[in-house]
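Right, one structure below, let's go through it.
No experiment lies behind these values; they were computed from the predicted model shown. Residues take their numbers from the sequence shown, with the count starting at 1. Just follow the structure's listing: the first ligand is 1, and inside any ligand the first atom is 1.
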Amino acid sequence: MNAFHPIDVILHKRDGLALSDEEIRGFIRAIVERTPDCQLVTDAQIAALLMAIFLQGLDSRELATLTSAMRSSGDVFDAAPLKTFMVDKHSTGGVGDKTSLLIAPILAAAGLAHLTDEGVPGICVPMISGRSLGHTGGTLDKLETIPGFNSQIDLKQLAETLRICGAALIGQTPRIVPADRTLYALRDHTGTVESPFLITASIMSKKLAESLNALVLDVKVGSGAFMPTYERSQQLATLMVETGEAAGTHTVALLTGMDEPLGRFSGNWVEVWECVDIMQGRWHPMSADLIELSNILAGWMLHLAGRAPSPEAGSEMADSILRSGDAYKAWLRIVQAQGGDISVFEDPAAHHKPAAKRVLKAEQTGYLSSMNCKQAGWAVQRLGAGRTKPGDPVSAHAGIESHVKLGSRIERGQALFTLFSEDEALLEEPEQMLRAALSIGQTPPKLLPLVREVVSTESIQRQK
Ligand code: URA
C-alpha cells in the first residue's frame, strides 16, 4: 500500500477531482488515529479538506464512502440482541429547536407500553446528538445543564439504558463516531458548516452507527436554516434519504420551517425548562409550534415503527402520550438512568439564574412580518449559549424568551424578546442583532405551514 499523504487528498479535492475510496478512508483513519505526540494529519489540514469539500462538493460514491468511513471510525451499536424496533429522528439544526427532548420520551413511553417477549420496550430510540453548531443550539449542551447528566455513555450503557427506558440521549464520544467529533468542532470555526455533503456525512454517520430500522429527518428551510435556499434544503433532504436507504435504514425527511425560533425559549437550560413545563402539562402559548412539530415528527416515527396506520394517527397518539403525563414519566426514567438529578424538574423556573436580563421592546406598531432567524440564533450564541472555539464551556442560563411570533400584532413599546446572559456586557451586541433581525410591517404576513414537504424514496423516484 502507498504511504498516505494528507496533502495529496487536499490538493485533489481543491482541484475538483473525485477522491478515491482509499483517500477518503485514509484521511478519516488519520484523523482518529491522532495522538498528542503523533499528528498524522493536522487541524489545519483537516480544515483545508473541509473547505475544499465545501467548495467542490462530493459525488454520490464519495459521499457514501465518507459517511461509511465516519460511521466505522469508532464502535457501531449492535442492536440485534435487543430484538426491538430501532427508530430515531435528527434535525439539521435550528434555533430553539428542542423537539428531541420531547420526542425521545414520547417514543420511549410508546415503547414501554408494549414490551417484547424479552421484556424490552417494543420501540427504542438511541439518540446520538450534537453540540451547538454555528448559529444553532445543540441537544447535548441543553441536556448537560441538568446536574449530573452524563451524555458520554458507552455502548454497553446505551444498551442497558434502552432496555430500561426505551430511549437514551447521548453524544459522540471518543468511541462512537469519533471522526465526526473532530470534524464537527472544526467545521464550527472554519465557515464550513453549510455544506449539504458535510451535513449529510455528519448526521448520517451518527445515525447509521445506531443500527436503525427507521429514521425521520427534520430538514430546516427558511431564514434560520443552514441551507440558504429551499432548493438546497431539498437537495440536502434527498442526499440524506438516499444515503439512509442505501445503508438499509428506512429514511423519510420532512422539510420544516425555521423562520423564527421554535417555541418559547432559545438557549440551554431554558429549553429544558420549556420541555419540562410541557411534559408536566403547563402549555405556554409560545410553545404551540414546538408541540405541533414534536407531535408531527413523533407521529412519523410511530408510523414507521408500525404503531400507527398513518403519520397523522401517529401524531394524535404522540399528543395523547404527551398530555397523559406518560412522556414525563419516561423522561424522568431516562434522565435518572443517565445520572441526572431529577429534583431540578420540581421547579424548573427556579433554576434559571441569569446574572443579567434585558427586554427588547417594539419601536413601532404593526405586525411581526419576518425575521432573520439565523441572526437571532447568532444573538443567542453570543449571549453565551454557544462557544467561540472548540471545547469552550457554554452558559446554562444565557438565551432568549420570545414574546411574539410571526404574524403577531405588535404595539409600540411592547416586549418582543427578553435576553438573558451571565454577563451584562454580553447583552448589547445581541440586542442590536435581534433588533436588526426583525421586520415590522403594516399588514399581517402570509404564514406558511410548519411542514412544507415530505421527501421519501417514493417522492425522489417521482421527481426522476
Ligand atoms: N447536525 C449534525 O449532527 N451535523 C451537522 O452537520 C448539522 C446538524
Give the residue and atom name of whichever protein heavy atom lies nearest to [atom], and the separation in Å to one decimal.
atom	answer
atom 3 (O) of ligand 1	Lys206 NZ, 2.5 Å
atom 7 (C) of ligand 1	Leu133 CD2, 3.6 Å
atom 1 (N) of ligand 1	His90 NE2, 3.5 Å
atom 4 (N) of ligand 1	Ser202 OG, 2.7 Å

> Taking 4.0 angstrom as the limit, do Arg175 and Asp154 come out as a salt bridge?
Replying inline: no
> What orientation do Trp269 and Phe345 show, parallel under 30°, tilted 30 to 60°, or perpendicular over 60°?
Replying inline: parallel
>> Parallel, tilted or perpendicular, judged at 30° and 60°: which one describes the rings of Phe226 and His135?
In response: perpendicular
> Below 3.5 angstrom, do we get any N/O pair linking Thr92 and ligand 1?
Replying inline: no
> Would you say Asp180 has any N or O atom under 3.5 Å from an N or O of ligand 1, going by distance alone?
Replying inline: no
> With a 3.5 Å cut-off and no angle check, do the side chains of Glu422 and Ser395 form a donor-acceptor pair?
Replying inline: yes
> Which atoms form the tightest heavy-atom contact between Leu50 and Arg187, and what is the distance?
Replying inline: CD1-CG, 3.7 Å
> By number and element, which atoms of ligand 1 are closer than 4.0 Å to a non-hydrogen atom of Ile203?
Replying inline: 1 (N), 2 (C), 3 (O), 4 (N), 8 (C)
> Looking at Val455, Val219, Thr251, which hits side chain to side chain contact (heavy atoms under 4.5 Å, CB included) with Met240?
Replying inline: Val219
